Enquirer: 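I'd like to ask you about the structure that follows.
Quick note: numbers below take in every heavy atom, side chains included, and nothing from hydrogens, waters or symmetry partners. These numbers were taken from a predicted model, which means no experiment stands behind them.
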Amino acid sequence: MTKTPTSRLDKLLANMGYASRREIQLLAKNGRIRLDGAPVPRADDRIALTPDLETRLVVDGEALDPLPGFILMLNKPLGVTCSHKEAGPLVYDLLPSRWRRRDPAISTVGRLDKETSGLLLMTDDGALLHRIISPSRHVAKRYRAHLARPMSGREAELFAAGTLMLEGEDKPLAPAELEMIGPQEALLQVHEGRYHQVRRMFAATGNHVETLHRESVGGLALPADLEPGAIRRLTEADIAAIFAPS
Ligand code: URA
């Protein structure tokens, strides 16, 4: 049986972005941190990091933020960027401000372009992040693309062949599945995460992607009721769905 990890309360809350360790000591002293309804006067005590802590530990009357090791989905709106290197609002600005001060920090699981919308996963769990993006896991990503020009009808065969070489690369793309929805609309499922991959695939056919939206990662689909800019924490079943065949 694995042992439940423990942490000093001041360290846990400081790393979750609540305040400095010193300030947390003061919060505790002033009775503003409660466990199972009773004040916790000493923030240097160790506490077991069981999942139910999120409902048992209350800071200033508010239930605890997600404990370290969580994953969420964002319906990424157009115009926000995943990279600190690019200009414009960041996907991190869409998180509650305290979550942006966490250590370990929350990172995006791969990236979507500034002008791509849809399902973006974000986590503070490095091992889970690597499991999802690892090429050996073959987690598929499905995109809906609207194109500037009608497709020729030969795209599906070309993308499925596993021989398409993108400009500037020395390894062909893995086979990808294309479903034509209309002359200028397609669903494309890819199993890699190369830079601007979908846009470059259509560019290789002489076309141009006008809008791009990610609908799913593995077997996890973006829920229809998750508005652009909204976030939702993943359940264990959602996480399992990522790795389920899609
Ligand atoms: N492919 C792209 O071209 N852009 C994305 O954002 C994702 C996949």
Side-chain angles (χ1 to χ4, degrees), residues 73-83 85-91 94 107-122 129-224 226 228-229 241-246:
M73 59 171 117
L74 164 70
N75 184 354
K76 180 191 168 299
L78 295 173
V80 295
T81 159
C82 293
S83 164
K85 290 185 194 140
E86 268 186 84
L90 285 162
V91 288
L94 298 168
S107 309
T108 64
V109 179
R111 287 186 183 162
L112 290 177
D113 300 339
K114 189 171 182 176
E115 294 313 327
T116 301
S117 57
L119 178 57
L120 181 70
L121 300 175
M122 301 175 81
L129 186 153
H130 284 106
R131 266 173 68 212
I132 299 170
I133 64 172
S134 161
S136 65
R137 296 264 176 181
H138 304 290
V139 172
K141 279 133 324 205
R142 192 175 74 239
Y143 296 89
R144 184 177 292 267
H146 287 93
L147 303 162
R149 286 176 283 283
M151 284 172 273
S152 69
R154 290 191 295 273
E155 291 82 355
E157 202 186 332
L158 176 69
F159 294 164
T163 52
L164 180 62
M165 196 76 96
L166 293 178
E167 229 180 273
E169 299 205 356
D170 52 11
K171 197 170 160 258
L173 289 175
E177 301 84 46
L178 177 103
E179 185 189 337
M180 274 179 77
I181 303 295
Q184 290 174 234
E185 183 181 356
L187 290 176
L188 178 60
Q189 181 154 283
V190 301
H191 305 265
E192 303 165 282
R194 300 204 203 175
Y195 182 66
H196 290 335
Q197 181 169 341
V198 174
R199 293 174 199 277
R200 290 163 74 210
M201 287 171 78
F202 282 105
T205 70
N207 216 325
H208 174 75
V209 171
E210 293 211 308
T211 69
L212 190 59
H213 180 77
R214 183 152 72 188
E215 296 193 338
S216 60
V217 174
L220 179 70
L222 184 69
L226 192 68
I242 297 172
F243 299 103
S246 48

Enquirer: Does any part of the side chain of Val109, heavy atoms only, come nearer than 4.5 Å to the side chain of Leu120, both counted from C-beta?
Expert: no
Enquirer: Could you tell me which non-hydrogen atom of Arg111 sits nearest to which non-hydrogen atom of Cys82, and how far apart they are?
Expert: CG-CB, 3.8 Å
Enquirer: Determine the minimum heavy-atom distance between Ser216 and Ala221, stating which atoms define it.
Expert: CB-CA, 3.8 Å
Enquirer: Between atom NE2 of His196 and atom CG of Leu112, what is the distance when rounded to the nearest 0.5 Å?
Expert: 11.5 Å
Enquirer: Within the structure provided, determine whether Ser107 and Leu129 are in side-chain contact (heavy-atom separation under 4.5 Å).
Expert: yes
Enquirer: Distance-only, no hydrogens or angles: does the Lys114 side chain make a donor-acceptor pair with backbone N or O of Ala87 under 3.5 Å?
Expert: yes
Enquirer: Can you tell me which residue among Lys76, His213, Arg214 is in a side-chain hydrogen bond (donor to acceptor under 3.5 Å, both in side chains) with Ser117?
Expert: His213
Enquirer: Please round to the nearest 0.5 Å and tell me the distance separating atom CG of Leu147 and atom CD of Glu210.
Expert: 8.0 Å
Enquirer: Where is the tightest heavy-atom contact between Gly218 and Val139, given as atom of each residue plus distance?
Expert: N-CG1, 3.5 Å
Enquirer: Name all residues meeting the salt bridge (Lys or Arg N to Asp or Glu O under 4.0 Å) criterion together with Glu185; count only those two or more places apart in sequence or in a different chain, and write none if there are none.
Expert: Arg144
Enquirer: Contact between Leu119 and Asn75 at the side-chain level, heavy atoms closer than 4.5 Å - yes or no?
Expert: no
Enquirer: Judged by modelled atom types alone, do Ser83 and Thr81 share a side-chain donor-acceptor pair under 3.5 Å?
Expert: no
Enquirer: Applying side chain to side chain contact (heavy atoms under 4.5 Å, CB included), run through Leu121 and Leu220 and close with a yes or a no.
Expert: CA-CA 10 Å; Leu121 300 175; Leu220 179 70; 4.0 Å; yes
Enquirer: Enumerate donor-acceptor pairs with a distance under 3.5 Å from any side-chain N or O in residues 170-179 to protein atoms, sequence neighbours excluded.
Expert:
unit_1: Glu177; atom_1: OE1; unit_2: Gln189; atom_2: NE2; d: 3.3
unit_1: Glu177; atom_1: OE1; unit_2: His191; atom_2: NE2; d: 3.0
unit_1: Glu177; atom_1: OE2; unit_2: His191; atom_2: NE2; d: 3.2

Enquirer: Under the side chain to side chain contact (heavy atoms under 4.5 Å, CB included) rule, collect the residues that match up with Pro223, sequence neighbours excluded.
Expert: Met73, Asp225, Leu226, Arg232
Enquirer: Closest heavy-atom contact between Leu212 and Ala145?
Expert: CD1-CB, 3.9 Å
Enquirer: Write out all pairs satisfying ring-ring contact (aromatic ring centres under 6.0 Å, His included) with one or both partners inside residues 131-151, taking only residues at least two apart or from two chains.
Expert: none
Enquirer: For the atom pair CE (Met180) and CG (Leu187), what is the distance rounded to the nearest 0.5 Å?
Expert: 11.5 Å
Enquirer: Going by side-chain hydrogen bond (donor to acceptor under 3.5 Å, both in side chains), name the pairs with one or both residues in residues 199-209, residues two or more places apart or in two chains.
Expert: Asp113-Arg199, Thr116-Arg199, Glu169-Arg200
Enquirer: Please tabulate, one pair per line, all N/O donor-acceptor pairs under 3.5 Å involving side-chain atoms of residues 154-166, not counting sequence neighbours.
Expert:
unit_1: Glu155; atom_1: OE1; unit_2: Ser152; atom_2: N; d: 3.3
unit_1: Glu155; atom_1: OE1; unit_2: Ser152; atom_2: OG; d: 3.4
unit_1: Glu155; atom_1: OE1; unit_2: Gly153; atom_2: N; d: 2.8
unit_1: Glu155; atom_1: OE2; unit_2: Ser152; atom_2: N; d: 2.7
unit_1: Glu155; atom_1: OE2; unit_2: Ser152; atom_2: OG; d: 3.4

Enquirer: How about Leu74 and Val91: do any of their side-chain heavy atoms sit closer than 4.5 Å?
Expert: yes
